[in-house]
Trainee: 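Attaching a single structure in C-alpha cells format; questions to follow.
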Amino acid sequence: GIHVGFSLLLVCMITGTIFCNICETSEELMARVERWTAPLNMLFFILSGAELNLTVLSNPLVIMIGVIYMIFRSAGKIGGAYISCKMEHTTPIIQQHLGITLLPQAGVALGMALTASNLADGAMVRSVVLFGVLIYELVGPTLTKWSLTQAGEIKPEGRVSSREVNQPDNKPAVTIK
C-alpha cells in the first residue's frame with residue numbers, strides 16, 4: 001500500500017481491520033498484544049512530544065494558524081459527529097454530545113504531523129499540529145467527562161474526601177441546545 005502512495009497510518013489501519021475481521025485467532029492474538037499497548041502508546045507520545053519545537057510558536061502568524069486549525073478541527077469533529085448521528089437517527093442526547101468526546105483523539109493528527117514533516121514548511125506544520133494535540137490532550141479528557149456526564153452515560157462523582165463517603169451530586173443534567 002505504501003508503494004502505491006497510501007499513508008503508513010492508513011495502511012496499518014486497513015491491515016488491522018482486515019486481520020481482525022478475517023483471522024479466526026485474532027481475538028487471542030489481540031489479547032496477548034494488549035499488555036504491550038500502554039508502553040507503546042507512552043513511547044509514541046513521548047517521541048511525538050520530543051519533536052515539538054516551541055520556538056516556532058513565538059511567531060504570531062503561526063499562533064493564528066494554530067488557532068484556526070484547532071477551531072476547524074473541533075468544528076469538523078463536532079459537526080461531523082452531529083450530522084452522522086442525525087443521519088443514523090440516534091437519540092438527541094447522543095447527537096449533542098458525541099462530537100465533544102472525539103476531541104482528544106489524536107492518532108490521525110499525529111500521523112498527519114509526521115507526514116507534514118516532509119513538506120517545505122513541515123517543521124511549522126508539525127509544531128502547530130503537535131501543539132494542538134497537546135492542548136486537546138490537556139483539555140479533551142475533561143470535556144469528554146463533562147459530555148458523558150451530561151449525556152447521562154456516567155454518574156457524577158460528587159465531592160472526593162478521604163473522610164467522607166463519596167456521594168454523587170443530584171443536580172439535573174444541563175442540555176446543550
Trainee: Would R73 and Y136 count as a cation-pi pair here, with the cationic atom under 6.0 angstrom from the ring centre and within 45° of the axis?
Mentor: yes
Trainee: For residues L138 and M70: do they belong to one hydrophobic cluster (side chain heavy atoms under 4.5 Å, members Ile, Leu, Val, Met, Phe, Trp, Tyr)?
Mentor: yes
Trainee: Which value, rounded to the nearest 0.5 Å, describes the distance between S74 atom OG and I100 atom CD1?
Mentor: 10.0 Å
Trainee: Nearest 0.5 Å, please: how far is CD in Q95 from NE2 in H89?
Mentor: 9.5 Å
Trainee: To the nearest 0.5 Å, how far apart are CD1 in I63 and OG in S58?
Mentor: 8.0 Å
Trainee: Could you tell me whether the side chain of S127 reaches within less than 4.5 Å of the side chain of V62, counting heavy atoms only?
Mentor: no
Trainee: Any side-chain heavy-atom pair from M124 and I65 closer than 4.5 angstrom?
Mentor: yes
Trainee: Same cluster for F131 and L61 if Ile/Leu/Val/Met/Phe/Trp/Tyr side chains link at under 4.5 Å?
Mentor: yes
Trainee: Atom CD1 in I135, atom CG in L130: separation rounded to 0.5 Å?
Mentor: 12.0 Å
Trainee: Are Y82 and L98 packed together at the side-chain level, in the sense that at least one heavy-atom pair is separated by less than 4.5 angstrom?
Mentor: no
Trainee: Would you say the side-chain atoms of T17 pair up with the backbone N or O of M13, donor to acceptor, closer than 3.5 Å?
Mentor: yes
Trainee: Spell out, yes or no, whether L103 and I154 are grouped together once hydrophobic residues are joined by side-chain heavy atoms under 4.5 Å, including indirect joins.
Mentor: no
Trainee: Please find the pair of heavy atoms, one from C20 and one from S26, that lie closest to each other, and give the distance.
Mentor: O-OG, 3.4 Å
Trainee: Within a strict 4.5 Å, meaning less than it, do heavy atoms of the L148 and H97 side chains meet?
Mentor: no
Trainee: For K77 and L102, indicate whether the former's side chain and the latter's backbone hold a donor-acceptor pair under 3.5 Å.
Mentor: yes
Trainee: L40, V33: one ILVMFWY side-chain cluster at the under-4.5 Å cut-off?
Mentor: no
Trainee: Could you state whether M30 and W36 fall into the same hydrophobic cluster, counting links through intermediate Ile, Leu, Val, Met, Phe, Trp or Tyr residues with side-chain heavy atoms under 4.5 angstrom apart?
Mentor: no
Trainee: Are more than 12 heavy atoms from other residues, nucleotides or ligands located less than 6.0 Å from atom CZ of F72?
Mentor: no
Trainee: Just one of N21, I14, T15 clears the side-chain contact (heavy atoms from CB on, under 4.5 Å) bar with I18, so which one?
Mentor: I14
Trainee: Roughly how far, to the nearest 0.5 Å, is the OG1 atom of T90 from the CD atom of Q96?
Mentor: 10.0 Å
Trainee: For T101 versus P104, what's the shortest heavy-atom pair and its separation?
Mentor: O-CD, 3.5 Å
